[in-house]
Student: 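Dropping a structure here in structure tokens format, bear with me for questions.
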Amino acid sequence: MTNCAVPDELIRVAVLGAQGRMGAEACAAVEGAADLALVAQVDSGDWADEVAASGAQVVVDFTHPDVVMDNLRYCVDNGLHAVVGTSGFDTARLDTLREWLADKPGLGVLIAPNFALGAVLSMRFAQLAARYYDTVEIIELHHNRKADAPSGTAAHTARLVGQARAEAGLGPVPDATTSEVDGARGASVDGVRVHSVRLGGLVAHQEVLFGGEGETLTIRHDSLDRKSFMPGVLHGVRAIVGRPGLTVGLENLLDL
Ligand SMILES: NC(=O)C1=CN([C@@H]2O[C@H](COP(=O)(O)OP(=O)(O)OC[C@H]3O[C@@H](n4cnc5c(N)ncnc54)[C@H](OP(=O)(O)O)[C@@H]3O)[C@@H](O)[C@H]2O)C=CC1
Ligand SMILES: O=C(O)C1=N[C@H](C(=O)O)C[C@H](O)C1
């Protein structure tokens, strides 16, 4: 679907993964926004010509970790800003993106591990709490159609917590386990144990558990509907046209 008869003042948006769970919500949200125009909706297949012909300025990507880097290569090569919700971004991928953007002044890419306001706040709270607790673990819980584990949100949270611990001079999280069934202690991400639950009926949920002397602190967030992600997606689209370079995390576009 392309549409070139769009008033200049509207931001022209293409959605990749348009028929997916998130892409479909994103299309509806863009269509419902008075200042945005949905000019292309594409899924897997040969979509490059369609996006180019649509005159899109911003591409929203909710596809798959295996294809998102190819999609971003296309966006950067074609001068398209990108707002990316797709998971699967490790440090190596982020470094690659920075390289690609280095000689593209004015072009912006937002990688947002989670667009839900509460999730963004909960990650910030976890970052604040991290320095005060010796032990920390993350439990993320998602629907059972999710392609990857751990979630991008959990990986980002672990990274933030790990950095905060390092800055506070905390050593490795103490763990006396000497015998375990494979996987019983979860995956170690930036030194933080992450446990992934996949269950029908769930959407997206996360608990960050901190433990200290005689107390625990649990920071929990629940997305009960994919609509929870949409204000963040729209905010990202509006912001990225004026924010060149790589931005990692919606928190950087909010006044937190
Ligand atoms: N940042 C955030 O806040 C959130 C991020 N996510 C992330 O978004 C991603 C998508 O999740 P979800 O919507 O549940 O997944 P779905 O599987 O429901 O949707 C993925 C869509 O991407 C399409 N697709 C696959 N490959 C390509 C390609 N090369 N080009 C264009 N489209 C393609 C698929 O089309 P087809 O079926 O034809 O292959 C499908 O329509 C995941 O990485 C997930 O973790 C999810 C929720 C929130
Ligand atoms: O696949 C999902 O559903 C979600 N993916 C993102 C992630 O991997 O963190 C964001 C949210 O948790 C929902």
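One-based numbering, in listed order, for ligands and for the atoms of each.
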Student: Quick one: which ligand 1 atoms are inside 4.0 Å of a heavy atom on V67?
Tutor: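 In order of numbering, the contacting atoms are 26 (N), 27 (C), 28 (C), 29 (N).
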Student: Does only the side chain of E140 get under 4.0 Å from ligand 2, or the backbone, or both, or neither? Count heavy atoms.
Tutor: neither
Student: Tell me whether R93 is salt-bridged to D95, with the criterion being a basic N under 4.0 Å from an acidic carboxylate O.
Tutor: no
Student: How close does the nearest protein non-hydrogen atom get to atom 7 (C) of ligand 1, and which residue and atom is it?
Tutor: G85 O, 3.5 Å
Student: If you look at every heavy atom in L110 and I240, which pair is closest and at what distance?
Tutor: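 Scanning both residues completely, I find the closest heavy atoms to be N-CD1, 3.6 Å.
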Student: Out of curiosity, D222 CG to H205 NE2, how far, rounded to the nearest 0.5 Å?
Tutor: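 Atom-to-atom, D222:CG and H205:NE2 are 5.5 Å apart.
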Student: What protein heavy atom lies closest to atom 7 (C) of ligand 2? Include the residue and the distance to one decimal.
Tutor: G152 N, 3.3 Å
Student: Please state which part of A204 comes within less than 4.0 Å of ligand 2, counting heavy atoms only: side chain, backbone, both or neither.
Tutor: side chain
Student: Name the closest protein heavy atom to atom 9 (O) of ligand 2, giving the residue it belongs to and the distance to 0.1 Å.
Tutor: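 For atom 9 (O) of ligand 2, the nearest protein heavy atom is T153 OG1, 2.5 Å.
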Student: Among protein heavy atoms, which sits nearest to atom 1 (O) of ligand 2, and what does the distance come to when rounded to 0.1 Å?
Tutor: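 Looking at atom 1 (O) of ligand 2, the protein heavy atom closest to it is K146 NZ, 3.0 Å.
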Student: Look at the aromatic rings of F210 and Y133 and report parallel, tilted or perpendicular, splitting at 30° and 60°.
Tutor: tilted
Student: Does P113, backbone or side chain, put an N or O under 3.5 Å from an N or O of ligand 1?
Tutor: yes
Student: Do any heavy atoms of Q19 fall under 4.0 Å from ligand 1?
Tutor: yes
Student: Among all protein heavy atoms, pick out the one at the shortest distance from atom 3 (O) of ligand 1; state its residue, atom name and that distance to 0.1 Å.
Tutor: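 Atom 3 (O) of ligand 1 sits closest to the protein heavy atom F115 N, 2.8 Å.
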Student: Does any part of the side chain of H81, heavy atoms only, come nearer than 4.5 Å to the side chain of L107, both counted from C-beta?
Tutor: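 The answer is yes, as the side chains (C-beta and beyond) meet within the 4.5 Å cut-off.
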Student: Find out if a path of hydrophobic residues (ILVMFWY) with successive side-chain heavy-atom gaps under 4.5 Å connects M123 to I219.
Tutor: no
Student: When you look for heavy atoms under 4.0 Å from ligand 2, do you find them on the side chain of H143, its backbone, both, or neither?
Tutor: side chain
Student: If we only count N/O pairs under 3.5 Å, is G20 in contact with ligand 1?
Tutor: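 There is such a contact, yes.
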Student: Report yes or no: does a heavy atom of A112 sit under 4.0 Å from some atom of ligand 1?
Tutor: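 True for this residue.
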Student: Working note: L209 + T218, criterion side chain to side chain contact (heavy atoms under 4.5 Å, CB included); need CA distance, chi angles, decisive distance, verdict.
Tutor: CA-CA 5 Å; L209 299 97; T218 301; 4.2 Å; yes
Student: Pick out which of K146, R193, R198 makes a salt bridge (charged side-chain N to carboxylate O under 4.0 Å, His left out) with E140.
Tutor: R198
Student: To which protein heavy atom is atom 42 (C) of ligand 1 closest, and what is the distance rounded to 0.1 Å?
Tutor: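 The answer is S87 OG, 3.8 Å.
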Student: Could you tell me, atom by atom, which parts of ligand 1 come under 4.0 Å of a heavy atom of N114?
Tutor: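 It comes down to these atoms of ligand 1: 1 (N), 2 (C), 3 (O).
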Student: Under 4.0 Å from a heavy atom of W47: which atoms of ligand 1 are those, numbered in the order shown and with their elements?
Tutor: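 Contacts of ligand 1 toward W47, numbered from 1: 28 (C), 30 (N), 31 (C).
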Student: Tell me which one of S228, A24, S44 gets a heavy atom nearest to atom 33 (C) of ligand 1.
Tutor: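 That would be S44.
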Student: Quick one: does F229 get an N or O within less than 3.5 Å of an N or O on ligand 1?
Tutor: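 No.
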Student: Do R73 and D70 have side-chain heavy atoms sitting under 4.5 Å apart?
Tutor: no
Student: I need the contact type for A204 against ligand 1. Using non-hydrogen atoms and a strict under-4.0 Å cut-off, is it side chain, backbone, both or neither?
Tutor: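 Within the 4.0 Å criterion, A204 makes no contact with ligand 1.
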Student: Which ligand 1 atoms, with their elements, are less than 4.0 angstrom from a heavy-atom of M22?
Tutor: 13 (O), 46 (C), 47 (C), 48 (C)
Student: Under 4.5 Å between any side-chain heavy atoms of V208 and F125, yes or no?
Tutor: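 Result no, sub-4.5 Å side-chain heavy-atom pair not found.
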Student: Within the 4.0 Å heavy-atom shell around H142, which atoms of ligand 2 are there?
Tutor: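 Contacts of ligand 2 toward H142, numbered from 1: 2 (C), 3 (O), 4 (C), 11 (C), 12 (O), 13 (C).
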Student: Run the side chain to side chain contact (heavy atoms under 4.5 Å, CB included) test on L141 and L199 for me, step by step, so that the C-alpha distance in whole Å, both residues' side-chain angles and the decisive distance to 0.1 Å come before the verdict.
Tutor: CA-CA 7 Å; L141 311 92; L199 213 59; over 6 Å; no
Student: Determine, stepwise, if the pair N252 / T247 fulfils side chain to side chain donor-acceptor pair (under 3.5 Å).
Tutor: CA-CA 7 Å; N252 295 298; T247 302; over 6 Å; no
Student: Between A112, A147, P113, A155, which one has a non-hydrogen atom sitting closest to atom 6 (C) of ligand 2?
Tutor: P113
Student: Quick test of your reading of the structure: of V120, V42, V51, D43, whose heavy atom lies closest to atom 34 (C) of ligand 1?
Tutor: D43
Student: With backbone taken as N, CA, C and O and side chain as the heavy atoms from C-beta onward, which portion of N114 lies under 4.0 Å from ligand 2: side chain, backbone, both, or neither?
Tutor: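 The answer is the side chain of N114.
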Student: Atoms of ligand 2 less than 4.0 Å from S151 heavy atoms?
Tutor: 7 (C), 8 (O), 9 (O)
Student: Can you tell me which residue and heavy atom of the protein come closest to atom 8 (O) of ligand 1, and the distance to 0.1 Å?
Tutor: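 Protein heavy atom with the smallest distance to atom 8 (O) of ligand 1: F62 CD2, 3.5 Å.
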Student: Would you say Y132 and L217 make side-chain contact, with heavy atoms under 4.5 Å?
Tutor: no
Student: Which atom pair, heavy atoms only, marks the closest approach of Q127 to R124?
Tutor: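 Scanning both residues completely, I find the closest heavy atoms to be OE1-NH1, 2.9 Å.
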Student: Which residue supplies the protein heavy atom nearest to atom 20 (C) of ligand 1, what is that atom called, and how far is it?
Tutor: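 Looking at atom 20 (C) of ligand 1, the protein heavy atom closest to it is T63 O, 3.5 Å.
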Student: Is the contact between R21 and ligand 1 made by the side chain, the backbone, both, or neither, using heavy atoms and a 4.0 Å cut-off?
Tutor: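 The answer is both.
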Student: Give me the atom names and distance for the closest heavy-atom approach of P113 to H156.
Tutor: CG-CG, 3.5 Å
Student: How far apart are the C-alpha atoms of F229 and F62, what are their side-chain angles, what is the distance that settles it, and do they pass the side chain to side chain contact (heavy atoms under 4.5 Å, CB included) test?
Tutor: CA-CA 12 Å; F229 302 112; F62 283 109; 5.7 Å; no
Student: Is there any N or O on A18 that sits under 3.5 Å from an N or O of ligand 1?
Tutor: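 No; the residue has no nitrogen or oxygen that sits under 3.5 Å from a nitrogen or oxygen of the ligand.
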Student: Any atom of ligand 1 sitting under 4.0 Å from a heavy atom of K146?
Tutor: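 Right, K146 reaches ligand 1.
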Student: If two hydrophobic side chains count as joined below 4.5 Å and joins carry through other members, does V68 share a cluster with V248?
Tutor: yes
